[in-house]
Amino acid sequence: MSELWWAIAALAAGGYALKASGYFIPEWVLERPRVTRVALLTPVALLSALTAVQIFGEGQGLTIDARAAGLVFAVGALLLRAPFLVVVVGAAVVAALLRLLAP
Amino acid sequence: MSHTSDPDGRATEVRKQAWGVGVAVGTYGLGFGALAVANGFSLWQTVALSALVFTGASQFALVGVVGAGGAAVTGAAAALALGSRNAFYGLRMAPLLRVKGLKRLGAAQLTIDESTAVAIAQPTPTLSRLGFWTTGIAVFVCWNVATVAGAFAVDQVSDPQVIGLDAAVGAAFLALLWPQLTTPKARAVAGGAALLALMLTPLITPGLPVLAAAAVAVTAAWPEPRIHHATGREREVGDE
């Protein structure tokens, strides 16, 4: 089995365990204000970091290229409350056009 | 009080809402299927992720980290950290659903953002249970069908970078993040996390900067919130 398949298996098992834990673990373990606060802010930090690295990362380096233009489009589209597919496809189109016009 | 004035009408409303949510989430599934294949996941790996992992942001995270050159194990760790919120959804749902045995195992797999949100928005426990199950099933069906469709479509494309799919992954993360940026604290955490991840990118292995950014959330969430009326401007207004 490849490394990727192992990661998928581990994520499936771990992800399911997390979902199930809410039904099996006694309430007091999870229902502490600090635990709840960390759990609510963790996705915010991770998604923001993922966005930044995905747009500006180039292996171990940082760069500003067509992806940044895609991100600018995405921000605008989100501000206008555009649906998910418009945001994502639009960002791809902007980046692709820019590469086509200024390779 | 087990009978509402119009039980059938309300139940129909809940079912409609559930499938509406399912179709909307399906568009994310389309994006996920496409981006997973574009980032080097096989068709079967993509399909397995949607069916077995079945929690969108985590799946996007694994694909994003691996696509950016990170180790698969790092991607899985980031994905698991993102999935930890589902434990809290389970905690909310357990007393409402009161499920046992196999049904409990099924309920766990369907415990995601959308099913929990629809369930807790309902006025009665009966409607909450209906909302949870119909939304969970609707999203599961739409998410998986859309994943396959998106994956198939991109399987035909030779060079994903040419059609800008690398930018699309970033846009997808941002779109998932956007609805959560409702408080000043959340926006500060998002900014800090992005900055830290970028600063660490030249220094450590790809994927790890994303994981390290979780520290920003922990740091921000750790202190007990102070409720001083003298200084808590917003809080005072809210209390009136």
Side-chain angles (χ1 to χ4, degrees), chain A residues 3-8 10-12 14-16 18-23 27 30-31 33-34 36-57 59-62 66-67 70-71 74-75 78 83-85 87-96 99, chain B residues 27-28 31 45 48-49 52-53 55 58 61-62 64 68-69 72-73 76 78-88 90-91 94 104 108 111 163-178 180 186 189-190 193-194 197-198 201-202 209-210 213-214 216-218 220-221:
Chain A
E3 195 194 348
L4 216 47
W5 271 116
W6 279 111
I8 291 166
L11 180 55
Y16 185 78
L18 281 169
K19 287 172 171 176
S21 67
Y23 293 86
E27 258 177 50
L30 290 174
E31 211 154 66
R34 183 166 284 154
T36 313
R37 288 200 305 274
V38 171
L40 283 176
L41 278 176
T42 300
V44 174
L46 288 173
L47 287 171
S48 179
L50 282 163
T51 308
V53 171
Q54 181 68 39
I55 296 296
F56 301 108
Q60 291 258 72
L62 298 175
R67 288 171 293 171
L71 186 75
V75 170
L78 286 165
F84 181 77
L85 269 192
V87 175
V88 172
V89 173
V93 169
V94 167
R99 284 187 181 123
Chain B
T27 62
Y28 286 68
Q45 287 170 333
L49 273 171
L52 301 176
V53 178
T55 180
S58 296
L62 176 65
V73 61
L80 280 176
L82 269 170
S84 60
R85 70 192 187 290
N86 291 330
F88 296 86
L91 204 61
R104 178 145 77 165
T111 302
I163 57 168
L165 283 176
D166 50 347
V169 180
F173 286 132
L174 187 69
L176 290 169
L177 169 66
W178 202 262
Q180 301 189 40
V189 166
L198 290 179
T201 295
V210 170
V216 176
V218 177

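A, B, ... follow the sequence lines: proteins, then strands. Residue 1 opens every chain.
- Put simply, the side chain of Q54(A) gets close to the backbone of D166(B): a donor and an acceptor are under 3.5 Å apart.
- You'll find the side chain of V210(B) reaches within 4.5 Å of the side chain of L46(A), heavy atoms only.
- The candidate with the highest count of non-hydrogen atom pairs below 4.5 Å against chain B, out of V88(A), L71(A), L78(A), is L78(A).
- In this structure, no portion of V89(A) lies under 4.5 Å from any heavy atom of chain B.
- Looking only at heavy-atom pairs under 4.5 Å with chain B, the residue among G59(A), G70(A), A12(A) that has the most is A12(A).
- Proximity to chain B involves both the backbone and the side chain of L50(A), based on heavy atoms less than 4.5 angstrom apart.
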For a side-chain contact (heavy atoms from CB on, under 4.5 Å) check, start with the C-alpha distance between L4(A) and Q45(B), then their side-chain angles and the critical distance, and finish with the verdict. CA-CA 8 Å; L4(A) 216 47; Q45(B) 287 170 333; 3.6 Å; yes
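- The side-chain heavy atoms of Q180(B) and L47(A), taken from C-beta on, include a pair separated by under 4.5 Å.
- Note: W178(B) CH2 to S48(A) OG = 11.0 Å, rounded to the nearest 0.5 Å.
- Among all heavy-atom pairs drawn from T201(B) and Q60(A), the shortest one is O-OE1, 3.1 Å.
- Here the closest heavy-atom approach between residue F56(A) and residue L198(B) is recorded as CB-CD2, 3.9 Å.
- Heavy-atom pairs under 4.5 Å with chain A were tallied for P202(B), G69(B), S84(B), G83(B); the largest tally goes to P202(B).
- Ranked by heavy-atom pairs shorter than 4.5 Å toward chain A, the options A217(B), A108(B), A213(B), A193(B) are led by A108(B).
- Looking only at side-chain heavy atoms (C-beta outward), V87(A) and L174(B) stay at 4.5 Å or farther from each other.
- Contact tally against chain B (heavy-atom pairs below 4.5 Å) for V94(A), L85(A), V75(A), T51(A): the top residue is T51(A).
- Considering only heavy-atom pairs separated by less than 4.5 Å from chain A, the leading option among A197(B), A194(B), A76(B) is A194(B).
- Once rounded to the nearest 0.5 Å, the distance linking OG1 of T55(B) with OH of Y16(A) reads 13.5 Å.
- Between W6(A) and V73(B), the closest side-chain pair of non-hydrogen atoms is not below 4.5 Å.
- Contact count versus chain A (heavy atoms, under 4.5 Å) is highest, among A167(B), A220(B), P209(B), for A167(B).
- In terms of heavy-atom pairs under 4.5 angstrom with chain A, the leader among A190(B), A186(B), A68(B) is A190(B).
- Of the listed residues (I55(A), L40(A), T36(A), V44(A)), the greatest number of heavy-atom pairs within a distance under 4.5 Å of chain B belongs to V44(A).
- Looking at L80(B), both its backbone and its side chain come within 4.5 Å of chain A, counting heavy atoms on both sides.
- At least one donor-acceptor pair under 3.5 Å links the side chain of R37(A) to the backbone N or O of A221(B).
- When each of L62(B), N86(B), L91(B) is checked for heavy-atom pairs under 4.5 Å with chain A, L91(B) comes out on top.
- For the pair A39(A) and R85(B), the tightest heavy-atom approach, listed with the atom from each and the gap, is O-CB, 4.3 Å.
- Between the CG atom in L82(B) and the CG atom in L11(A) there is a gap of 10.0 Å [rounded to 0.5 Å].
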